[in-house]
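Read the structure below first, then the notes.
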Amino acid sequence: MSYTTKEAAHDIADVLRAADKEAGKRNYTAAVIVAGGSGTRMGEKTTKQMMLLCGKPIVVHTLLAYQNTPCIKEIVVAAKADEIDIYKQFKEKYGITKLTAVVPGGETRQASALAGAEAVSSKVRYVAIADAARCLTTPEEISEVCRVAYKTDAASAGIPATDTVKIVGKSGYIESTPERAMTWQAQTPQVFRHALYLAASYAAIEHKFCATDDNSLVEFVKHPVKMVKCSKQNIKITEPCDLPYAKLVLDMRKSEEADL
């Protein structure tokens with residue numbers, strides 16, 4: 001019996017599908033959303049993650065971005081203890097089907113991220129750590145950072161610095177000026193092999209090392225982290241002036257989608 005081009009194409013397609021399935025198992029990824037902050041700089045009684053933006057709480061925009069990212073298979077939230085039950089409502093109301101656990105956050109962001117990373121399922125090989133208030137992150141950016149992490153075991157969203165950065169001492173005087181071409185602003189997600197992230201977190205606890213972000217933990221155990229250029233829109237909502245900008249970006253995206 002002759003082997004037709006059509007049959008060969010079907011066989012190749014089957015092999016590719018099988019390879020994709022195996023890669024999915026090897027790269028099974030959970031998002032850990034750190035949402036334990038109080039948002040005091042916002043000057044509001046409502047926590048930052050629960051403030052409304054375009055009709056939805058800020059954290060919901062973040063959750064939906066990870067929900068809509070194909071390579072993210074589950075989502076864990078490290079939340080304020082008195083906000084845990086609210087996420088059950090969010091799961092139902094907004095269709096966040098990947099949300100598998102909500103755990104109490106710790107006293108610090110570092111402790112909250114670890115609590116989330118410890119709560120993922122046994123299937124997880126990679127964790128994407130993200131700030132709840134970084135609500136403009138897109139599924140495309142998340143996917144790209146994950147893709148790089150699958151090759152390097154550690155990757156972070158970020159943007160090259162456009163301003164000159166100064167190293168300033170406690171006295172307030174400039175101590176040095178790093179070469180601008182080598183300076184970046186870190187964003188989230190920051191994606192790591194799960195075992196590496198846990199090992200780095202436990203090492204930091206043992207040595208009483210306080211990390212400024214999750215990259216710092218992995219840097220502490222001397223593992224390189226690959227930076228992945230993302231968008232300037234991927235801001236963290238920190239002060240009241242950030243909200244009008246975030247609304248403008250979301251309105252612009254909605255308008256662009258309507259034009260398609």
Side-chain angles (χ1 to χ4, degrees), residues 30-70 72 74-105 109 112-113 116 128-145 156-159 185-191 213-214 230-260:
V32 174
I33 310 299
V34 184
S38 58
T40 53
R41 280 178 286 184
M42 294 297 290
E44 299 285 342
K45 292 183 179 179
T46 304
T47 60
K48 178 170 54 179
Q49 56 269 15
M50 293 299 167
M51 294 180 68
L52 292 181
L53 172 63
C54 295
K56 296 185 184 75
I58 285 172
V59 69
V60 169
H61 290 281
T62 305
L63 290 169
L64 288 172
Y66 287 85
Q67 170 73 25
N68 294 326
T69 303
I72 299 297
E74 57 186 74
I75 299 171
V76 173
V77 176
K80 287 179 64 67
D82 59 358
E83 292 180 347
I84 288 176
D85 289 342
I86 300 175
Y87 289 91
K88 298 175 183 177
Q89 301 172 32
F90 290 165
K91 182 173 182 176
E92 296 299 321
K93 183 175 181 179
Y94 298 103
I96 306 170
T97 59
K98 295 179 182 178
L99 181 59
T100 57
V102 183
V103 298
R109 185 194 180 284
S112 294
I129 315 293
D131 297 316
R134 211 170 280 274
C135 56
L136 300 179
T137 311
T138 66
E140 292 77 19
E141 290 172 331
I142 298 165
S143 296
E144 180 60 15
V145 180
S156 173
I159 53 171
Q185 295 172 254
Q187 303 172 329
T188 64
Q190 296 176 8
V191 185
D213 70 350
D214 300 288
C230 291
S231 168
K232 287 185 177 181
Q233 293 179 2
N234 186 15
I235 66 167
K236 182 180 179 182
I237 304 296
T238 305
E239 300 177 347
C241 61
D242 295 326
L243 285 172
Y245 173 78
K247 182 180 184 303
L248 179 65
V249 170
L250 292 175
D251 287 344
M252 179 184 68
R253 290 177 183 175
K254 186 175 180 180
S255 177
E256 290 173 350
E257 289 174 3
D259 291 339
L260 294 178

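A quick note: this is a predicted structure, and the numbers were derived from the prediction, not measured. Throughout, numbering of the chain's residues begins at 1 and tracks the sequence.
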Verdict with reasoning, Q233 to E141, per side chain to side chain contact (heavy atoms under 4.5 Å, CB included): CA-CA 11 Å; Q233 293 179 2; E141 290 172 331; over 6 Å; no
Closest heavy-atom pair and its distance - C135, I237: SG-CG1, 3.8 Å
Which atom pairs, one a donor and one an acceptor, fall under 3.5 Å between side chains of residues 50-66 and the rest of the protein, sequence neighbours left out?
residue	atom	partner	partner atom	Å
H61	NE2	L53	O	2.6
T62	OG1	A132	O	2.6

Residues in side-chain contact (heavy atoms from CB on, under 4.5 Å) contact with A78, at least two apart in sequence or another chain: V103, S112
Residue pair V34 / I129, side-chain heavy-atom distance below 4.5 Å: yes
Inter-residue atom distance E140.CD - T137.OG1, 0.5 Å rounding: 11.5 Å
Closest non-hydrogen atom pair between A35 and V77, with its separation: CB-CG1, 4.0 Å
With A157 via side-chain contact (heavy atoms from CB on, under 4.5 Å) - residues at least two apart: V145, Q187, P189, C230, N234
For K48 against A133, the heavy-atom pair lying closest together: CE-CB, 3.8 Å
Report all side-chain donor-acceptor pairs from residues 86-101 shorter than 3.5 Å, counting only partners two or more places apart or in another chain.
residue	atom	partner	partner atom	Å
K91	NZ	L99	O	2.8
T97	OG1	Q67	NE2	2.9
K98	NZ	Q67	O	3.0
K98	NZ	T69	O	2.8
K98	NZ	I72	O	2.7
T100	OG1	I75	O	3.3

Pairs flagged by salt bridge (Lys or Arg N to Asp or Glu O under 4.0 Å) wherever residues 249-260 is involved - sequence neighbours left out: K247-D251
R109: partners by salt bridge (charged side-chain N to carboxylate O under 4.0 Å, His left out), with sequence neighbours left out: D131, D214
Closest heavy-atom pair and its distance - R134, I235: CG-O, 3.2 Å
